[in-house]
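Take a look at the structure below.
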Amino acid sequence: RSGEMAKLTQLIDNEVFRAYATYATIVLLKMMLMSLITAYFRITRKAFVNPEDTASFGKGESAKKYLRTDPDVERVRRGHLNDLENIVPFLGIGLLYALSGPELSTALLHFRIFTGARIAHTFAYLIPLPQPGRGLSWAVAYSVTISMAYKVLKTALYL
């Protein structure tokens, strides 16, 4: 029902909330995957930040050479940090948006565009693709979150 706030007891039956839950789960899993990719790059590049992480590669002075930064590890870490900076706001604003009573088709458009843009951003970061691919995918996802925030404010605060 467009324009009405959802009641807690109706959430499980609310199609927009279920759509939000679906796409929130997808982007959270994608963000979790970035942790695994970071670990993979750390292990394969033998680039660690904690001395205890180097124990498998030697002891004492021989292990110290693995306490270093690596450009590939840092690239993945920056992509993961960018996820944290963009997915976390999407989760909060997207939830409020889902509860603000948008049309299902409009909500799905917001959620799908955000998710697709964040996945594209990850590929653009990891491959890496030439700019403006990464910048555009970031801007699209960011704009979706702003659009949802505007709708929440307009609905809840009558802006």
Side-chain angles (χ1 to χ4, degrees), residues 6 8 11-100 102 104 107-152:
L8 288 178
L11 283 182
I12 200 69
D13 296 324
N14 183 311
E15 289 180 311
V16 173
F17 180 78
R18 287 198 325 255
Y20 163 76
T22 300
Y23 289 97
T25 301
I26 290 168
V27 294
L28 284 170
L29 286 171
K30 188 212 78 60
M31 190 167 65
M32 290 170 63
L33 179 62
M34 293 299 284
S35 296
L36 296 175
I37 294 170
T38 302
Y40 169 80
F41 273 85
R42 282 204 181 282
I43 292 166
T44 60
R45 306 308 193 268
K46 296 184 174 93
F48 303 97
V49 293
N50 300 307
E52 64 271 17
D53 297 339
T54 65
S56 301
F57 301 101
K59 302 278 186 227
E61 291 299 316
S62 66
K64 283 187 179 179
K65 67 183 175 185
Y66 300 116
L67 291 174
R68 62 186 183 84
T69 59
D70 176 86
D72 294 331
V73 173
E74 292 308 307
R75 176 171 277 284
V76 176
R77 288 185 67 237
R78 286 190 307 272
H80 192 192
L81 180 60
N82 194 279
D83 275 350
L84 288 169
E85 294 168 350
N86 290 275
I87 291 174
V88 171
F90 166 80
L91 295 173
I93 291 170
L95 176 60
L96 295 173
Y97 173 74
L99 298 176
S100 71
L104 177 60
L108 281 169
L109 188 64
H110 278 94
F111 301 152
R112 287 173 177 164
I113 290 173
F114 180 88
T115 300
R118 289 310 302 173
I119 291 169
H121 184 270
T122 297
F123 282 114
Y125 231 123
L126 295 181
I127 291 177
L129 296 177
Q131 284 287 27
R134 190 179 80 239
L136 284 174
S137 60
W138 171 85
V140 167
Y142 197 82
S143 298
V144 167
T145 304
I146 295 295
S147 172
M148 290 187 303
Y150 174 77
K151 170 68 166 75
V152 169

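Throughout, numbering of the chain's residues begins at 1 and tracks the sequence.
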request  = Check P102 against A98 and note the closest heavy-atom contact, atom names and distance.
outcome  = CD-O, 3.8 Å

Any side-chain heavy-atom pair of L81 and R78 under 4.5 Å = no

ask   = What's the shortest heavy-atom distance between A63 and T54, and which atoms?
value = CB-OG1, 3.4 Å

query = Taking side chain as C-beta onward, heavy atoms only, is I87 less than 4.5 Å from K30?
reply = yes

request  = Write down the atom of V16, the atom of A107, and the distance for their closest heavy-atom approach.
outcome  = CG1-CB, 3.7 Å

Spatial distance of atom CD1 (I37) from atom CG (D72) [nearest 0.5 Å] = 12.5 Å

task = Compute the ring centroids of H110 and F114, then answer whether they are less than 6.0 Å apart.
result = no

request  = Please determine, by modelled atom types, if R75 and Y125 share a side-chain donor-acceptor pair under 3.5 angstrom.
outcome  = no

inquiry  = In terms of relative ring orientation, are Y97 and F111 parallel, tilted or perpendicular, with 30° and 60° separating the classes?
reply    = perpendicular

query = How many angstroms lie between CH2 in W138 and CD in E85, if you round to the nearest 0.5 Å?
reply = 9.5 Å

key: T145 side chain near N86 side chain, heavy-atom distance below 4.5 Å   = no

ask   = Nearest 0.5 Å, what's the CD1-OH distance between I93 and Y150?
value = 15.0 Å

ask   = Does NZ or CZ of R42 come closer than 6.0 Å to the centre of the six-membered ring of F48, within 45° of the ring's axis?
value = no

query = Is H80 close to R77 at the side-chain level, that is, under 4.5 Å between some pair of heavy atoms?
reply = no

remark   = When rounded to the nearest 0.5 Å, the distance separating OG of S137 from CD1 of I113 is 13.5 Å

message = Has N50 got a side-chain atom pairing as donor or acceptor with E52's backbone, closer than 3.5 angstrom?
response = no

message = Tell me whether T25 contacts the main-chain N or O of A21 through its side chain, where contact means a donor paired with an acceptor under 3.5 Å.
response = yes

request  = May I ask you to decide if L91's main-chain N or O and Y20's side chain share a donor-acceptor pair within less than 3.5 Å?
outcome  = yes

query = Which heavy-atom pair separates L67 from V49 by the least distance, and what is that distance?
reply = CD2-C, 3.9 Å

inquiry  = Measuring from atom CZ of R45 to atom OH of Y40, what distance do you get when rounded to the nearest 0.5 angstrom?
reply    = 6.5 Å

message = Within the structure provided, determine whether L84 and M31 are in side-chain contact (heavy-atom separation under 4.5 Å).
response = yes

Flag side-chain contact, heavy atom, 4.5 Å: M34 against L126 = yes

message = Rounded at 0.5 Å granularity, tell me how far CG in L29 sits from CG in L33.
response = 9.0 Å

query = Between the main-chain N or O of Y23 and the side-chain N or O of R112, is there a donor-acceptor pair closer than 3.5 Å?
reply = no

ask   = Should T122 and D83 count as side-chain neighbours, where that means a heavy-atom distance under 4.5 Å?
value = yes

